[in-house]
Amino acid sequence: MALPKAISATTQIKDTAARLTSITVSSTSAGTLTVYNRGDSTAVAASVVIDTLTPSAGAHFYFGEEGIALDKGLYAVIANTLKCTFGFK
C-alpha cells in the first residue's frame, strides 16, 4: 500500500529507497516540480527522475502499483506556488 505525503515546498519525502506511485496536484500558480532520486537534501549527487514538470491544478500522474524505483530516496523541488500529494512506498 502506498503512503501519502502532501507538500507545498521543497521536501525530502523519503531518505531511503522508495517507489514513487503517484503525484496529484491540488493547486498551482505557475508552479513547477522536479523530482530527484536523492536520499539526503544536502547531497550533491542526485539523479533527476522527473525534470521541471509544469502541471495544472487537478493533474494526476499514476506510475503503476510498482511505481518508479528510487534507490537513494525521494526528494521534490517546488518552484513558485504548487501544492501536491505524493504516493510512495
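For the numbers below, each heavy atom of this structure counts, side chains included, while hydrogens, waters and symmetry mates do not.
By the criterion of side-chain heavy atoms lying less than 4.5 angstrom apart, applied directly or through intervening Ile, Leu, Val, Met, Phe, Trp or Tyr residues, Leu74 is grouped together with Val49 in one hydrophobic cluster. Note on Ile68 and Phe86: same hydrophobic cluster, where clusters join Ile, Leu, Val, Met, Phe, Trp and Tyr whose side-chain heavy atoms are under 4.5 Å apart, directly or indirectly. Under a hydrophobic clustering in which Ile, Leu, Val, Met, Phe, Trp and Tyr are joined whenever their side-chain heavy atoms come within less than 4.5 Å, directly or via other members, Val25 and Val77 fall into different clusters. Hydrophobic clustering (ILVMFWY, side-chain heavy atoms < 4.5 Å, transitive): Ile78 and Ile23 are in one cluster. Tracing side-chain contacts under 4.5 Å through hydrophobic residues (I, L, V, M, F, W, Y), one reaches Ile7 starting from Leu3; they form part of the same cluster.
Residues in residues 49-69 take part in these salt bridge (charged side-chain N to carboxylate O under 4.0 Å, His left out) pairs, two or more places apart or across chains: Glu65-Lys89.
A distance-only check finds a donor-acceptor pair linking the side chain of Thr21 to the backbone of Gly87 [under 3.5 Å]. In this structure, the side chain of Asn37 engages the main chain of Lys72 through a donor-acceptor pair within 3.5 Å.
Heavy atoms only, all atoms of each residue included: Leu53 and Pro55 are closest at O-CD, 3.2 Å. For the residue pair Ile13 and Ala76, the shortest heavy atom distance occurs at CD1-CB, 4.0 Å. Asn80 and Gly31 make their closest contact through CB-CA, 3.9 Å (heavy atoms, listed as atom of the first residue, atom of the second, distance).
A heavy-atom distance below 4.5 Å is not found between the side chains of Phe88 and Leu70. Looking at heavy atoms from C-beta onward, Thr24 lies out of side-chain contact with Pro4 at the 4.5 angstrom threshold. With contacts defined as side-chain heavy-atom distances shorter than 4.5 Å, the pair Thr10/Tyr75 qualifies. Thr34 has its side chain within reach of Val48: a pair of non-hydrogen atoms, C-beta onward, lies under 4.5 Å apart.
Of the inter-residue distances, the one linking Asp71 atom CG with Arg38 atom CZ reads 14.0 Å to the nearest 0.5 angstrom. Rounding to the nearest 0.5 angstrom, the gap separating the CG atom in Leu82 from the OG atom in Ser26 is 7.5 Å.
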